[in-house]
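None of the values given here were measured: they were computed from a predicted structure. Throughout, residue positions are numbered sequentially from 1 according to the sequence presented.
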Amino acid sequence: RDEFEAEHVEHSINVPLSHFASVAPGVLNQLRDRDVLILCRGGNRARLAAEQIAQLGYADKVKAKVYEGGILEWK
């Protein structure tokens with residue numbers, strides 16, 4: 001949460017990895033058939049979130065892609 005408050009892409013949604021399994025399904029259901037870009041500060045947690053998307057059964061419902069390098073690379 002602190003990282004998101006300090007810096008984030010405009011209009012992004014914060015879903016902390018620590019709460020991902022419980023929060024993500026509600027968010028992902030609203031984003032069906034849309035492109036979703038996942039990023040964190042450096043990219044590691046974003047990759048873990050992408051794995052959880054697949055584990056939760058949303059890999060074929062949401063087009064999720066990890067932004068390699070995270071927000072540091074995006075800047």
Side-chain angles (χ1 to χ4, degrees):
R1 183 168 296 197
D2 292 337
E3 285 180 13
F4 184 81
E5 289 177 9
E7 185 170 45
H8 61 273
V9 176
E10 188 176 359
H11 305 296
S12 60
I13 300 168
N14 182 28
V15 181
L17 190 58
S18 59
H19 297 97
F20 198 85
S22 61
V23 175
V27 174
L28 295 171
N29 280 325
Q30 295 178 39
L31 299 174
R32 284 179 181 260
D33 301 320
R34 294 184 65 189
D35 294 329
V36 175
L37 189 59
I38 307 169
L39 73 147
C40 62
R41 186 168 189 274
N44 293 328
R45 282 169 289 149
R47 283 188 288 281
L48 293 172
E51 290 173 11
Q52 285 195 32
I53 286 173
Q55 291 171 357
L56 292 168
Y58 286 89
D60 61 338
K61 298 174 181 103
V62 175
K63 300 170 200 151
K65 180 180 177 187
V66 174
Y67 192 94
E68 294 299 330
I71 200 158
L72 296 175
E73 182 67 26
W74 173 77
K75 291 192 315 183

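- Sorted pairs that involve residues 8-33 and meet salt bridge (Lys or Arg N to Asp or Glu O under 4.0 Å), not counting sequence neighbours, are lacking altogether.
- Here salt bridge (Lys or Arg N to Asp or Glu O under 4.0 Å) pairs that include residues 14-27, with residues two or more places apart or in two chains, number zero.
- For residues 11-65, the set of pairs meeting the ring pair (Phe, Tyr, Trp, His ring centres under 6.0 Å) definition, not counting sequence neighbours, is empty.
- Legend: residues meeting ring pair (Phe, Tyr, Trp, His ring centres under 6.0 Å) with His8, ordered by chain and number and at least two apart, are Phe4.
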Pairs under 3.5 angstrom only: tabulate donor-acceptor contacts from the side chains of residues 60-75 to other protein residues two or more places apart or in another chain.
unit_1: Lys61; atom_1: NZ; unit_2: Gly57; atom_2: O; d: 2.8
unit_1: Glu68; atom_1: OE1; unit_2: Arg47; atom_2: NH1; d: 2.8

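- With sequence neighbours excluded, no residue forms a side chain to side chain donor-acceptor pair (under 3.5 Å) with Glu7.
- Summarising the geometry, atom CD1 belonging to Ile13 is positioned 9.0 Å from atom CG belonging to Leu28; distances are rounded to the nearest 0.5 Å.
- Under the rule for a side chain to side chain contact (heavy atoms under 4.5 Å, CB included), the partners of Glu3 that lie at least two apart in sequence or sit in another chain are Arg41, Arg45.
- Annotation for Ala54 and Ala59: closest pair CA-CB, 4.0 Å, computed over non-hydrogen atoms.
- At least one side-chain heavy atom of Leu31 sits less than 4.5 Å from a side-chain heavy atom of Val27.
- Among all heavy-atom pairs drawn from Cys40 and Ala46, the shortest one is SG-N, 3.5 Å.
- The minimum heavy-atom distance linking Pro25 with Ala21 is given by the pair CD-O, 3.3 Å.
- Considering every non-hydrogen atom in both Ala24 and Val15, the closest pair reads N-CG1, 4.1 Å.
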